[in-house]
Amino acid sequence: ATPAPAPASASGPLPLVCHNGYQLRVPLGHPRKLGIRIEGGAEHSSNPSIVVSSVEDPAKSAGIRVHDRIVAVNGRSLQHATHSEAVQLLQQQVAQSPTNNTVLEIVRGVPAYQQQTQQPAPQPADQPQLQTKTISLPRRLGLVLQPASSDADDFVVSGFSTEYAGALTPKGAVKPKDKIVAVGSRSLGTCTRTQGLEVLRDALADLGTNIVVERPGAPHPISVSVAWSLGLKISGGNDKPEGPTFHISEIQRNSVADRSHKFLVGDQVIKVNGVDLENLSHVEALRAFAMRGISEDIIVIKRPAVTTPLKRVRITKQNQQLGLKIKGGTDDPVAEANPSLFISSVEKDSPAEQAGLAKGDRILMAQGQSFGRVTHSEAVKTLTTTGQEVELLVEPNVMKKAVGRKESKTLAQVMKKTLQNVQVQPADGSFGIEIVGGEGKAHKVMPKDSGIFLQKVTQGSPAAQANLNPGDRLVSANGIILHSMQHDAAASLLALFACDDKPTTFEVVRNEITIKE
């Protein structure tokens, strides 16, 4: 195995690339083959990465493992490739390689949705430190009933719980305004509302049941079969080539597992409903998921204990509310030179709090759009009118230091300098730059300045073609102020923009510091 260039130390510049991993060289042999199978692709919203699902020689001997994410082959990026495109490119590179080797660039130990914002993964010989999490999901129909005004409408369906949008199968089996008259063999006709709610709560303890409903306009009661499904697919088992351990290979979109936001593709599953999965076959593990007579599924998983300076969260509104307030924006007179938007308060037990947001978090993006140069009212409109779900990218707990008197004064002085707008089109998920500086890591030339500066610009890179140079100060990226941002957070944000394959606009002050070779 040939390791990729070692990442910069924590105190030095951080290479800004879309993916952080390592390269493995696979000898092809005769006949030429890699010895891997893949799953995933851009058409799979729950698993857009290209992931190794099984491995044999020569790839196995070269160090490739099941669940490795392939990001490039012989320098050709698989970013945004569909499954068929990835298969075609892999076959093409194996067939046309001028040598008897194929170089796969992989990411290991980093959840798929965090690849763009994580620090480099450990070298292949190292095992990433894992953390254990226990996840509990009650088996529920996910039905919302009308408030009872009489015995006649005790169990009339008014809608469906957002968290259980994918729980009822087949979809559309039960409809709003249906009156539930029986569940399985139990008639609700003689039940009090409390008794009926208990019957409905436990309806899926055995994974499936029949529900009898009276539907407006239907001449007779309708019996529909419903079934419980978490929406998880797993790989592994002591009878499978991918190995004895079990991992989540797919999360079905809009399923209960997807809506819970608690699982990631690649999570190792170690226990299900009290059953230890160690040394079990694939079928035996599936039986644990299909255990009957329980009111909730309890799943114990392991995943790499990685941290990120940025958080990407998806919030499902309750009663059209997120449960947070914001301050800042380009029209906020208190903001002065820094127009960033911050969370000023979070309501207790609100969707925002449950998503892990807190007072002081800086909102960088919402729904994939930069929040760097928006007014307060524009931000409020975006957050309140974008439907039931909102996706945010935030830098945690930075409000005080970002808008402090000292930092605001320094930034105000920077903004008075000659700023140039430079547009850079990334290539293969990279700008070709390294940065220094940031909150807590000020450059030695300007120890009292928390700005972000270019340490290195790779010759021939997109940044070099845009005439960026070492020593240039990066004031903002796509309108987001970089001044006083933590070094690692700034690096992660720029890496995310590099992955987007769209031009990024930088505000630059030329030649602010001298970089020694």
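Of the possible donor and acceptor atoms, one in the side chain of S53 sits under 3.5 Å from a partner among the backbone N and O of R37. Between the S344 side chain and the K325 main chain, a donor and an acceptor come within less than 3.5 Å of each other. When atom types are taken as modelled, the side chain of H483 and the backbone of V475 share no donor-acceptor pair closer than 3.5 angstrom. Formation of a donor-acceptor pair under 3.5 Å by the K271 side chain with backbone atoms of L277 is not found in this model. At least one donor-acceptor pair closer than 3.5 Å links the side chain of K317 to the backbone N or O of T384. No donor-acceptor pair under 3.5 Å is formed between the side chain of T458 and the backbone N or O of S461. D331 places a side-chain N or O within 3.5 Å of a backbone atom of H376 that can act as its donor or acceptor partner. Judged by distance alone, with hydrogens and angles left aside, the side-chain atoms of Q91 form no donor-acceptor pair with the main-chain N or O of Q88 at under 3.5 Å. Using modelled atom types, no side-chain atom of T375 and backbone atom of G329 make a donor-acceptor pair closer than 3.5 Å. Side-chain atoms of N469 come within 3.5 Å of backbone N or O of N467 as a donor-acceptor pair.
No side-chain heavy atom of Q92 sits less than 4.5 Å from a side-chain heavy atom of V94. Looking only at side-chain heavy atoms (C-beta outward), T382 and F371 come within less than 4.5 Å of each other. Counting heavy atoms from C-beta outward, I435 and Q455 have side chains that stay 4.5 Å or more apart. Using a 4.5 Å heavy-atom cutoff, the side chains of T418 and V509 are not in contact. The side-chain heavy atoms of E391 and M365, taken from C-beta on, include no pair separated by under 4.5 Å. Residues E353 and L324 have side chains not in contact (no heavy-atom distance under 4.5 Å, counting atoms from C-beta outward). In this structure, the side chains of T132 and I301 stay at 4.5 Å or more apart for every pair of heavy atoms. Two residues are said to be in side-chain contact when any heavy atoms from C-beta on lie closer than 4.5 Å; D361 and E395 fail this criterion.
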Next on the checklist: I'd like to know whether L232 forms a side chain to side chain contact (heavy atoms under 4.5 Å, CB included) with F263, so could you lay out the CA-CA distance, the side-chain angles of the two residues, the decisive distance to 0.1 Å, and finally the verdict.
Outcome noted: CA-CA 9 Å; L232 293 176; F263 297 94; 4.0 Å; yes

Checklist entry - Can F506 and F431 be said to form a ring pair (Phe, Tyr, Trp, His ring centres under 6.0 Å), step by step? => result CA-CA 12 Å; F506 293 96; F431 293 120; 5.5 Å; yes

Checklist entry - Stepwise, does the salt bridge (Lys or Arg N to Asp or Glu O under 4.0 Å) test hold for E507 with R373? => result CA-CA 12 Å; E507 281 184 308; R373 288 285 200 279; 2.7 Å; yes

Checklist entry - Checking side chain to side chain contact (heavy atoms under 4.5 Å, CB included) for the pair V390/T316: CA distance, chi angles, key distance, verdict? => result CA-CA 7 Å; V390 177; T316 301; over 6 Å; no

Item to check | Residue pair V300, V269: steps toward the side chain to side chain contact (heavy atoms under 4.5 Å, CB included) verdict | outcome: CA-CA 6 Å; V300 182; V269 185; over 6 Å; no

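Rounding to the nearest 0.5 angstrom, the gap separating the CD1 atom in I251 from the CG atom in D267 is 7.0 Å. The structure places CD1 of I270 at 13.0 Å from NZ of K133, a figure rounded to the nearest 0.5 Å. The distance from the CD atom of E278 to the CG atom of N238 is 10.5 Å, given to the nearest 0.5 Å. Separation of atoms NZ (K240) and NE2 (H282) is listed at 5.5 Å; rounding is to 0.5 Å. Separation of atoms CD1 (I343) and CD1 (I363) is listed at 4.5 Å; rounding is to 0.5 Å. Taking CG of L474 as the reference point, atom CG of L468 lies at 7.0 Å (rounded to 0.5 Å).
The heavy-atom pair separating G35 from A59 by the smallest distance is O-CB, 4.2 Å. Contact record, R510 with A466: NH2-O, 4.3 Å, taken as the closest heavy-atom pair. Considering all non-hydrogen atoms of both residues, A352 and G323 come closest at CB-O, 4.0 Å. For A464 against V457, the heavy-atom pair with the smallest separation is N-CG1, 3.5 Å. Here the closest heavy-atom approach between residue G471 and residue F453 is recorded as O-CD2, 4.3 Å. Of all heavy-atom pairs spanning A355 and V313, the tightest one is O-CG1, 3.5 Å.
With sequence neighbours left out, the side chain to side chain donor-acceptor pair (under 3.5 Å) criterion links T504 to no other residue.
Screening D472, V508, V436 against L454 for a side chain to side chain contact (heavy atoms under 4.5 Å, CB included) leaves a single residue, D472.
Checking T82 against E85 by side-chain atom types alone, a donor-acceptor pair falls below 3.5 Å. Side-chain contact, S340 with R362: a donor N or O sits under 3.5 Å from an acceptor N or O. Q320 and Q388 form a side-chain donor-acceptor contact under 3.5 Å, judged by distance and modelled atom types alone.
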